[in-house]
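This report refers to the structure that appears directly beneath it.
Note that the coordinates shown come from a computational prediction; the quantities given were computed from them, not determined experimentally. When reading the values below, keep in mind they use all heavy atoms of this one structure, side chains included, and skip hydrogens, waters and symmetry mates. Order of the sequence lines fixes the chain letters, A, B, ..., with proteins taken first and strands second; residue numbering starts at 1 for each chain.
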Number of protein chains: 2
Amino acid sequence: MALEHAILVSLLEQPGSGYELARRFERSIGYFWTATHQQIYRVLKRMEGDGLLDVRDVPQERRPDKKEYSVAGPGRAALSGWLHEPIEPESLRHDLAVKIRGAAFDDPAALLDEVERHHRVHSDRLAHYLTGELRDFTGPDAPAPLDAGQELQHVVLRGGIAYERMTVAWLDDVLATLHRLGAAGPRR
Amino acid sequence: MALEHAILVSLLEQPGSGYELARRFERSIGYFWTATHQQIYRVLKRMEGDGLLDVRDVPQERRPDKKEYSVAGPGRAALSGWLHEPIEPESLRHDLAVKIRGAAFDDPAALLDEVERHHRVHSDRLAHYLTGELRDFTGPDAPAPLDAGQELQHVVLRGGIAYERMTVAWLDDVLATLHRLGAAGPRR
DNA sequence: TCGTTCTATGCAACTGGTTGCACAGCAAGC
DNA sequence: GCTTGCTGTGCAACCAGTTGCATAGAACGA
């Protein structure tokens, strides 16, 4: 259950409410682990019950109160334990690849729009990551000597950048292949 | 539920039993969608009940009988419908990245073994994919002009190859970063 | 002959994640 | 004044996927 661990890491980097966590999962943490707010609230409650997290009610002006979570001692221990456990190298789960192979039994050209749409999404993500990298790590406003935490965040971000770059290049390959098949023989 | 669709594609490419499907999910289809035999049997049964698949009992010599599944008309229609639906571009779910960010709050050097292990697994997968590519698509024994289905299988395999290559390169980057941090200051 | 491996199928319990819905206060624009 | 959108929290139902276990015949080597 890596969501728990992702939450621990995120709260160690910066304590926050469920809502704030949900927003982080749309951004940085979400680059490599996604979660909806419903799930986050549920897991936070369980983790609090298990003593992994501390909560603090924070009244706010001009907005609803929030519960700010932070990592308690046992939470830190749980994370440390997990870090020392081996995990399975994970495999892809790529619907689009299933579709592409399935297109052999349908009209390959019909996939063009879909593939182009994915291409746009991944290009946008790539641009977004590159902007973030410039802002936080390589640009003039970035902290001059990065500390260990920042170095590690950067190497993870470089992974996201590499992934998106690779995906965009592959989708170019897919598009070229689909065009080639469309030109050769429209359908089976 | 892409497992259903992955099964349809696989059975269209070649009818087979649950057991054979499970083996394919360890190989080619498994490059981009994984499933255990328990799940496959359960889904096959449901799909048969829904009329998407036909079954045929095949007695075998020297081994237990098997049920050979093939795609029925409605199954083909279901696949075609799905191919025309847009799907969400998916995001990574990468435990290792969570661990790497978490290492900032523990001993980064302790991750070295784990990262090296993942590096080996991905290198092996890459080698395996490249062997398969040579055998089925680019080598002298490959069919000379590929048909549409083979072209599409090949472009998907190229995606797997690109993914593994990218991952191996990134893990090199991660290793270098961890070494650098270990040399600079052992722990926080 | 005995343990192991391979083919072949399956159930049951659990857990993690998704989807749909609800409530509430406040701000901003039409 | 009304709708829209943002912050903030949550429940309930469902579904997909994992884990552990069970069975059974045949082959194969120690």
Side-chain angles (χ1 to χ4, degrees), chain A residues 1-8 15-27 29-30 32-50 53 55-69 82 85 87-95 98, chain B residues 1-8 15-27 29-30 32-50 53 55-69 82 85 87-95 98:
Chain A
M1 181 191 354
L3 175 57
E4 245 183 41
H5 304 116
I7 286 176
L8 287 172
S17 68
Y19 187 80
E20 281 161 1
L21 276 172
R23 305 214 53 206
R24 289 184 214 169
F25 272 87
E26 286 165 12
R27 301 185 305 106
I29 313 283
F32 47 84
W33 203 271
T34 57
T36 58
H37 77 271
Q38 290 92 334
Q39 205 190 340
I40 290 168
Y41 282 118
R42 196 206 294 159
V43 173
L44 281 174
K45 187 154 282 187
R46 191 188 61 223
M47 290 171 76
E48 192 209 332
D50 292 347
L53 301 180
V55 207
R56 198 164 64 91
D57 272 334
V58 179
Q60 298 185 112
E61 279 176 24
R62 300 160 174 267
R63 6 193 106 165
D65 296 356
K66 66 176 182 178
K67 296 186 188 171
E68 193 182 76
Y69 289 90
W82 178 67
E85 266 171 32
I87 49 172
E88 279 303 297
E90 60 265 301
S91 318
L92 283 176
R93 278 265 165 117
H94 211 135
D95 307 61
V98 178
Chain B
M1 183 188 355
L3 176 56
E4 245 182 43
H5 304 116
I7 286 176
L8 286 172
S17 67
Y19 186 80
E20 281 161 1
L21 277 171
R23 304 212 54 204
R24 289 185 215 170
F25 273 88
E26 285 166 12
R27 301 184 304 105
I29 313 281
F32 47 84
W33 203 269
T34 56
T36 57
H37 76 271
Q38 291 91 336
Q39 204 189 340
I40 290 168
Y41 283 118
R42 195 205 297 158
V43 172
L44 280 175
K45 187 153 280 185
R46 190 186 61 222
M47 290 171 76
E48 191 208 333
D50 293 346
L53 301 180
V55 207
R56 199 165 63 91
D57 273 334
V58 179
Q60 297 185 111
E61 279 175 23
R62 301 162 173 265
R63 14 191 100 169
D65 297 357
K66 65 175 181 178
K67 296 186 190 172
E68 194 184 75
Y69 290 90
W82 178 67
E85 267 172 31
I87 49 172
E88 279 302 298
E90 59 268 302
S91 317
L92 284 175
R93 279 265 166 115
H94 210 133
D95 307 60
V98 178

Euclidean distance, atom [atom1] of residue [X] to atom [atom2] of [N] [Å, nearest integer]:
X       : N      : atom1 : atom2 : value
B:Trp33 : D:dA16 : CH2   : P     : 11 Å
A:Arg46 : D:dC11 : CZ    : P     : 14 Å
A:Ile40 : D:dT7  : CD1   : P     : 14 Å
B:Arg24 : C:dT7  : CZ    : P     : 14 Å
B:Met47 : D:dA16 : CE    : C1'   : 14 Å
B:Lys66 : D:dA24 : NZ    : C1'   : 18 Å
A:Asp65 : D:dT7  : CG    : C1'   : 11 Å
B:Leu21 : C:dT9  : CG    : C1'   : 13 Å

**Asked** Closer to the 5' end of DNA chain C via nearest nucleotide, is it B:Arg93 or B:His37?
**Response**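 By nearest-heavy-atom nucleotide position, the 5'-most residue is B:His37.
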**Request:** Determine the contact category for A:Gln60: base if any of its heavy atoms lies under 4.0 Å from a base atom, sugar-phosphate if only primed atoms, P, OP1 or OP2 are that close, otherwise nothing.
**Result:**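 It contacts sugar-phosphate atoms only.
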Mind checking whether [X] and [Y] have side chains closer than 4.5 Å, heavy atoms only?
X       : Y       : answer
B:Ile7  : B:Glu4  : no
A:Tyr41 : A:Lys45 : no
B:Asp95 : A:His5  : no
A:Thr36 : A:Phe25 : no

Please check the phosphate of [N] (OP1 and OP2 only) for any side-chain N or O of [X] closer than 4.0 Å.
X       : N      : result
B:Thr36 : D:dG17 : no
B:Tyr41 : C:dG10 : no
B:Tyr19 : C:dT9  : no
A:Lys45 : D:dT9  : no

**Request:** Give a yes or no on whether a donor-acceptor pair under 3.5 Å exists between the nucleobase atoms of C:dG17, that is its base, and the side chain of A:Arg42.
**Result:**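 Yes, a donor-acceptor pair under 3.5 Å.
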**A:Gln38 (side chain) and C:dG20 (base): donor-acceptor pair under 3.5 Å** =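 Between C:dG20 and A:Gln38, which were checked side chain against base, a qualifying N/O pair under 3.5 Å is present.
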**Asked** Closer to the 5' end of DNA chain D via nearest nucleotide, is it B:Leu3 or A:Glu20?
**Response**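 Upstream on the strand: A:Glu20.
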**Asked** If you measure from the Lys or Arg side-chain nitrogens to the Asp or Glu carboxylate oxygens, is any gap between A:Lys66 and A:Glu20 under 4.0 Å?
**Response**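 Between A:Glu20 and A:Lys66 there is a salt bridge, with a charged N closer than 4.0 Å to a carboxylate O.
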